[in-house]
2 protein chains.
Amino acid sequence: MDNRSKILETAARLFSRQGFSGVSLQTIAEDVGITKPSLLYHFPSKETLREQVLSELFGHWATRIPNLLRAVTTGEGQFEALMDELTAFFREDPDRARILIREILDRPEAMRASIAASLGPIVTLVADSMRKGQRSGLLRENVDPEAYVLNAIGSAMAWVVAASVVEPIVTGGGKSALSRLERELRRAAHSSLFSDPEAGVERRPSSGRARPNAER
Amino acid sequence: MDNRSKILETAARLFSRQGFSGVSLQTIAEDVGITKPSLLYHFPSKETLREQVLSELFGHWATRIPNLLRAVTTGEGQFEALMDELTAFFREDPDRARILIREILDRPEAMRASIAASLGPIVTLVADSMRKGQRSGLLRENVDPEAYVLNAIGSAMAWVVAASVVEPIVTGGGKSALSRLERELRRAAHSSLFSDPEAGVERRPSSGRARPNAER
DNA sequence: CCTACCGATCGGTAGG
DNA sequence: CCTACCGATCGGTAGG
């Protein structure tokens with residue numbers, strides 16, 4: 001892998017764990033195995049490095065959009081497909097959630113724009129699809145679609161970060177906090193959305209989960 | 001107010017917005033109106049200041065525990081009372097959520113212990129009370145009580161932070177993102193918990209909310 | 001991609 | 001609670 005990519009990867013990892021201002025260019029350079037001026041040859045300032053790390057992250061997110069669109073329009077198992085995409089995105093790299101949360105905390109005004117651009121269209125699309133489901137009686141009529149979707153995304157981000165820290169409280173039966181919180185997260189998201197508790201889960205083998213009523 | 005308290009207040013505000021490593025002692029001292037060595041007279045190191053800010057926060061949380069216990073044992077309107085306490089805690093000072101999240105991100109191992117101590121007993125208590133409700137048929141039997149409570153707390157923290165950044169997506173009908181996300185958060189939490197959609201909401205005037213089916 | 005170096009700022013101390 | 005000061009480290013540049 002070329003040094004530029006190594007720098008981006010290392011910076012993302014360190015930023016997610018110690019925060020942008022908690023990591024020095026020196027530390028990143030050492031970790032990559034080059035000197036600080038060499039790092040500054042690839043990224044002319046620390047601020048540029050931050051922007052590139054963030055734009056890589058949004059790039060990975062953009063990669064998922066086709067899957068999301070397919071899930072929205074499929075008609076069957078929509079819910080499971082969307083939740084699979086959402087949880088997979090953060091589970092396959094929890095640092096994504098950490099970086100996003102840190103950026104929201106550090107620069108809320110800047111993130112408002114990025115979030116509106118990257119999330120707004122999909123939220124609107126999913127919300128419109130949900131309104132159809134409400135008219136057909138499949139979904140509870142008192143759901144606020146946009147707020148529901150944003151809360152789901154927020155919960156998914158909280159999930160990944162919380163799991164690293166609540167292990168002593170929630171661990172039992174040999175299951176990790178991560179998987180126990182995820183199961184409950186998905187159960188609650190489903191249960192609070194559908195009118196009929198059995199609806200929306202037919203088809204789709206899904207990631208090892210059965211109908212929400214099974215086991216436990 | 002004495003300078004010590006002013007320092008704690010200022011540090012909490014700045015830490016929440018820029019992070020611990022993003023704020024210098026100089027900046028805090030200037031904001032309070034004293035010099036840096038004077039600040040270091042009250043708090044012998046920056047690390048000490050961090051600990052004191054955090055311990056103040058946990059102190060405020062401890063203040064609520066009697067209310068929480070009363071809510072758990074009251075038997076009627078338990079759900080609304082607990083949700084009122086939870087949302088009020090973060091709404092009356094959103095910086096609390098920001099500081100807690102930052103600490104979890106910055107020092108997960110240290111926070112694991114603090115969280116187990118401050119949250120563990122209450123989570124267990126509420127979870128036990130929920131298991132009773134499950135046996136009586138009031139609550140859905142497929143809920144994972146501990147995970148439910150922790151997800152609710154995580155969602156509440158995500159709520160406050162997300163609201164500052166999703167305004168353009170979720171605003172409509174003159175309602176702020178904060179209140180629209182809160183309403184949906186509470187609706188979903190209720191709906192995913194109770195077997196009967198109307199249960200658990202009798203009594204209690206509550207904070208301006210009606211039964212979940214009303215309006216909208 | 002490196003050596004050598006810059007001014008500014010960091011957390012913290014001495015001494016009063 | 002302040003003045004004066006410390007060594008270390010910060011992001012960044014010159015020049016090759």
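Numbered from 1 within each chain, the chains take letters A, B, ... in sequence-line order. The analysis underlying the following values was restricted to heavy atoms, covering all of them including side chains, and did not include hydrogens, waters or symmetry mates. Quantities reported herein were computed from a predicted structural model and do not represent experimental measurements.
- When both pairing distances are held under 3.5 Å, C:dA4 makes a Watson-Crick or G-U pair with D:dT13.
- One side chain, A:Ser129 or A:Gln78, offers a donor N or O that lies under 3.5 Å from an acceptor on the other.
- Remark: P of C:dC5 and CG of A:Leu40 are 19 Å apart, rounded to the nearest angstrom.
- A straight line from CZ of A:Phe43 to P of D:dT13 spans 16 Å, rounded to a whole angstrom.
- Under 3.5 Å, the side chains of A:Glu167 and A:Thr171 contain a donor-acceptor pair of N or O atoms.
- Residue B:Ser24 has no polar side-chain atom (N or O) positioned under 4.0 Å from OP1 or OP2 of C:dT9.
- Taking only distance into account, the side chain of A:Lys36 meets the base of D:dG12 through a donor-acceptor pair shorter than 3.5 Å.
- Nearer the 5' end of DNA chain D, as judged by each residue's closest nucleotide, is the contact made by B:Pro37, out of B:Pro37 and A:Glu47.
- For A:Asn3, counting side-chain heavy atoms from C-beta on, the closest listed nucleotide (D:dT3, C:dC1, C:dG11) is C:dC1.
- With 3.5 Å as the limit, one finds a donor-acceptor pair spanning the side chains of B:Asn67 and B:Glu85.
- Between B:His42 atom NE2 and C:dG12 atom P the separation is 16 Å, expressed in whole Å.
- Within 4.0 Å (heavy atoms only), B:Val23 reaches sugar-phosphate atoms of the nucleic acid but no base atom.
- Side-chain atoms of A:Tyr41 lie closest to C:dC1 of the nucleotides C:dG12, D:dT13, C:dC1.
- Between the CD1 atom of A:Ile7 and the C1' atom of C:dC1 there is a distance of 10 Å, given to the nearest Å.
- Regarding contacts with the backbone of C:dC1, every side-chain N or O of A:Thr35 stays at 4.0 angstrom or more from both OP1 and OP2.
- Relative to the six-membered ring of B:Phe89, B:Arg64 misses at least one condition, a distance below 6.0 Å or an angle of at most 45° to the axis.
- The side chain of B:Ile34 has D:dC2 as its nearest neighbour among D:dC2, C:dC2, C:dG11.
- For A:Leu25 and D:dT13, the CG to P distance is 11 Å, given to the nearest whole Å.
- Following rounding to the nearest Å, A:Gln26 (CD) and C:dT3 (P) show an atom-to-atom distance of 12 Å.
- Comparing C:dC1, C:dG12, D:dC10 by their nearest atom to the side chain of A:Ser38 picks out C:dC1.
- A cation-pi contact, defined as under 6.0 Å to the ring centre and within 45° of the axis, is absent between A:Arg96 and A:Phe90.
- Put simply, CG on A:Leu39 is 13 Å from P on D:dC10, counting in whole angstrom units.
- Taking atom CD1 of A:Ile28 as the reference point, atom C1' of D:dG11 lies 11 Å away to the nearest angstrom.
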